[in-house]
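Here the structure is laid out as structure tokens; the discussion comes afterwards.
Whatever order the structure lists ligands and atoms in, that order sets their numbers, starting from 1.
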Amino acid sequence: MIRMIRPPLLSIKITDLSIKKCVPCSRKELRPMTEEAAQHLIRQVGEWNLVNEGGTWKLHRSWKVKTFMRGMEFFQLIAALAEAEGHHPDIHLVGWNNVKIDVWTHAVGGLTENDFILAAKINKLNLHPLLRIEVANE
Ligand SMILES: C[C@H](O)[C@H](O)[C@H]1CNC2=NC(N)=NC(=O)C2=N1
């Protein structure tokens with residue numbers, strides 16, 4: 001029997017945001033990060049985008065879910081994560097199957113590391129059973 005020898009898993013993570021913990025937003029020293037700092041950190045959270053809404057920088061990502069109820073299941077997963085982290089996203093379910101999430105730190109009116117930690121943790125959720133498989137249109 002030919003045994004497959006799996007190569008060692010080389011995941012070189014400089015700072016894996018998904019294993020960090022959000023800090024209470026009530027901390028006095030919490031300040032919104034600069035756009036430059038955000039542009040640097042966005043590279044560590046994959047599919048998320050930086051958006052500026054009325055002068056407030058936010059993290060934004062959207063997904064297409066299979067059904068409206070799968071969307072609500074999605075919200076339940078997000079809610080549990082947000083409560084565990086004490087940091088909460090803005091969650092939208094529009095057009096019955098489009099989940100849109102914005103993450104920003106309301107206490108400072110901008111982005112802090114908490115937002116990127118939450119985004120990285122959302123990336124780790126097992127969302128596949130809830131998502132509509134996008135068929136690449138030729
Ligand atoms: C005391 C507690 O840290 C604050 O009320 C938290 C709750 N969740 C939060 N979530 C987000 N996104 N921003 C906040 O400023 C915030 N504040």
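Taking only nitrogen or oxygen atoms, main chain and side chain alike, Pro24 does not reach within less than 3.5 Å of ligand 1. For Thr105, no nitrogen or oxygen atom sits less than 3.5 Å from a nitrogen or oxygen atom of ligand 1, counting backbone and side chain alike. Considering backbone and side-chain N/O atoms, Asp115 never comes within less than 3.5 Å of an N/O atom of ligand 1. Between Pro89 and ligand 1, no N or O atom pair is found at a separation short of 3.5 Å.
In this structure, the side chains of His88 and Leu118 stay at 4.5 Å or more apart for every pair of heavy atoms.
Residue Trp104 approaches ligand 1 through these ligand atoms, each under 4.0 Å from one of its heavy atoms: 11 (C), 12 (N), 13 (N). Atoms of ligand 1 lying under 4.0 Å from any heavy atom of Gly86, numbered from 1 in the order shown and given with element: 6 (C), 7 (C), 8 (N).
Looking from atom 13 (N) of ligand 1 to the surrounding protein, the closest heavy atom is His106 N, 3.1 Å. At the top of the distance list for atom 17 (N) of ligand 1, counting protein heavy atoms only, stands Cys25 CB, 3.4 Å. Counting only heavy atoms of the protein, atom 15 (O) of ligand 1 lies nearest to Ala107 N, 2.8 Å.
Linking ILVMFWY residues whenever their side-chain heavy atoms come closer than 4.5 Å, directly or via other members, places Met69 and Trp63 in the same cluster. By the rule that hydrophobic residues join a cluster once side-chain heavy atoms approach within less than 4.5 Å of another member, Ile19 and Trp48 end up as members of separate clusters.
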request  = Test side-chain contact (heavy atoms from CB on, under 4.5 Å) on Trp57 and Asp115 and set out the steps.
outcome  = CA-CA 11 Å; Trp57 285 104; Asp115 303 309; over 6 Å; no

request  = Would you check, one step at a time, whether the test side-chain contact (heavy atoms from CB on, under 4.5 Å) holds for Glu35 with Leu50?
outcome  = CA-CA 9 Å; Glu35 180 185 345; Leu50 279 176; 5.6 Å; no

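For atom 8 (N) of ligand 1, the nearest non-hydrogen atom from the set Lys58, His88, Arg27, Glu85 comes from His88.
For the atom pair CZ (Arg70) and CG (Leu131), the distance works out to 10.0 Å, reported to the nearest 0.5 Å.
Under the side chain to side chain contact (heavy atoms under 4.5 Å, CB included) rule, Leu111 has a single partner from Leu59, Thr56, Leu41, Ile42, which is Leu59.
Remark: atom 5 (O) of ligand 1 lies closer than 4.0 Å to no protein heavy atom.
Taking every heavy atom of both residues into account, Pro89 and Val103 meet most closely at CB-CG2, 3.9 Å.
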